[in-house]
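A short worksheet on the structure shown next.
Whatever order the structure lists them in is the order used to number ligands and atoms, beginning at 1. One is the number of the first residue; the rest follow in order along the sequence.
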Amino acid sequence: MRAVRRIAEGRVELVEFGVPEPGPGQVRLEVLAAGVCHSDLHVVDTAVGDRWPRPFTLGHEVCGRVTALGPGADPALLGRQVVVYAPWGCGVCPRCLQGRVNYCDARRTLPAAGVGLGVDGGMADALVIDAWRLVAADGLDPGFAAALTDAGLTSFHAVAGSRDRLDVPDAVAVVIGVGGLGHLAIGILRELTAAQVIGVDSRPSAVDLALACGATAATAPDTAGELVREISKGRGADVVIDFVGAAATEELGATLLRTAGDLVIVGSGGGALAMTKPDPLPAGARVSLPFWGTRPELAQVVELGRGGGLTTQVTAFGLDEAPRVFDALRARRVVGRAVLVPASPLSRRSG
Ligand SMILES: [Zn+2]
Ligand SMILES: [Zn+2]
C-alpha cells in the first residue's frame, strides 16, 4: 500500500508499505478520504516534526470503511463507513477517562498529538486503528466526513466553549481566517447560535466562501473594524475566533472585541498577544486556547453534518498529489478543505 510521509524538512513523499494487520481491539480501514490540514504543514515544515523523531504517515482527518477486524473487535463494524477520533492521550488520566483526550494530563510528554501527528495516520490506502476511536459516518460524503474530524470538531469545540457569551440577545461573532476550519466554524455558529457571524479574510475567494457558508457579512482585515462596529451597533464582537493565530490577527481580534468578550485563539500562527491591563484587550475579556475536541463532540458534529446545515467546500485530490497539495496549502491557494482520496482515478493511474 502507499502512504504519505515526511521524508525531510519541508518535503512529503508517497512511499510503499506492507498492509498493516490489526491487533487486539483494532480494525483496519480502507481509507476513503484524508484531510490536509495546516497542522500537517507545521509538522512537515518546522521543528514540530522533530518533536516526534520516529517517521510516521500523516493524516489526522480520516474517513474510511472497516475491512478487517483484530481479535476482540466487534464483528458488526465490518463494512461500516466511519470517521476516526484522532487526538492522542495516555488513556488513564482523569481527562482521558472523561473522554477529554484532547486535554490529556500527559499531553506534553505523549509520543504523539494524534493519529497522523506522531503515529501513523490516514494519508494512505489503509490504516490500522483502535476500534474505540471510530464514530459511525455511514451515508456521508467521505471527504466531508473526514473534514468533520478536525476542521469540524475543532470549530465545534471552540464555539462550545463560548456558548455563554454567544447565547445573548444581538450577539456578534467574528471568524478570522476563513480556511478549512473557519468556513466550517461559520456554519456551526449559524446552526448552534442566533449570533450574527462576520467572516474576516484577506483573500477575496475566502470572503466569498464565508458568505456562501452563511456569514451575515464578510470582509478583508483592514475594513473589519468598521464592519463589526456597524453590525454590533458600536459595541464590538461578543466572541472573536482566530483561526490564524498570527500577531496581526490576534491584535485585530483584540481591537474587535466587546467588553467582557471572548478571544478564542485556535490557529498556531506564532502570534504573541500582550496580556496587560488595561489594554489591548477590553475589560472582562477572556482568552482561550482550545485544542481539537472530545469524542462525544465528534459524534455531535457528525450529527450536525447529517442535518445538512453545514456548507463545506471540499476539494478531492489523489494520494499521489499530496506534495502538490502541500505546496498549494503553503501558498494559501487552497480554498476550503483539501482531502486526499486514495481511490481517485488519478491515484489509481499512477499508484
Ligand atoms: Zn488539523
Ligand atoms: Zn490522559
For the Zn ion (ligand 2), every protein N/O/S atom that sits closer than 2.8 Å, waters excluded: Cys90 SG, Cys93 SG, Cys96 SG, Cys104 SG
How close do Val178 and Gly199 get, counting heavy atoms only, and between which atoms? CG2-CA, 4.2 Å
The protein N, O or S atoms lying under 2.8 Å from the Zn ion (ligand 1) are Cys37 SG, His60 NE2, Asp150 OD2
State whether Phe291 and Arg107 meet the cation-pi test: NZ (Lys) or CZ (Arg) under 6.0 Å from the six-membered ring centroid, and within 45° of the perpendicular axis. yes
Please report the interatomic distance CZ(Arg190) to CD(Gln196), rounded to the nearest 0.5 Å. 8.5 Å
Interatomic distance, NE2@His183 vs CD1@Ile188, rounded to 0.5 Å, equals 10.0 Å
Can you tell me how far apart CZ (Phe243) and CD1 (Ile186) are? Round to the nearest 0.5 Å. 8.5 Å
Ring geometry between Tyr103 and His157 (parallel below 30°, tilted from 30 to 60°, perpendicular above 60°): tilted
Would you call Arg11 and Glu9 a salt bridge, using N to O less than 4.0 angstrom? no
Is there a side chain to side chain donor-acceptor pair (under 3.5 Å) between Gln81 and Asp138? Walk through the geometry before answering. CA-CA 5 Å; Gln81 180 175 306; Asp138 308 83; over 6 Å; no
Closest non-hydrogen atom pair, Ala137 against Arg306: CA-NH2, 3.7 Å
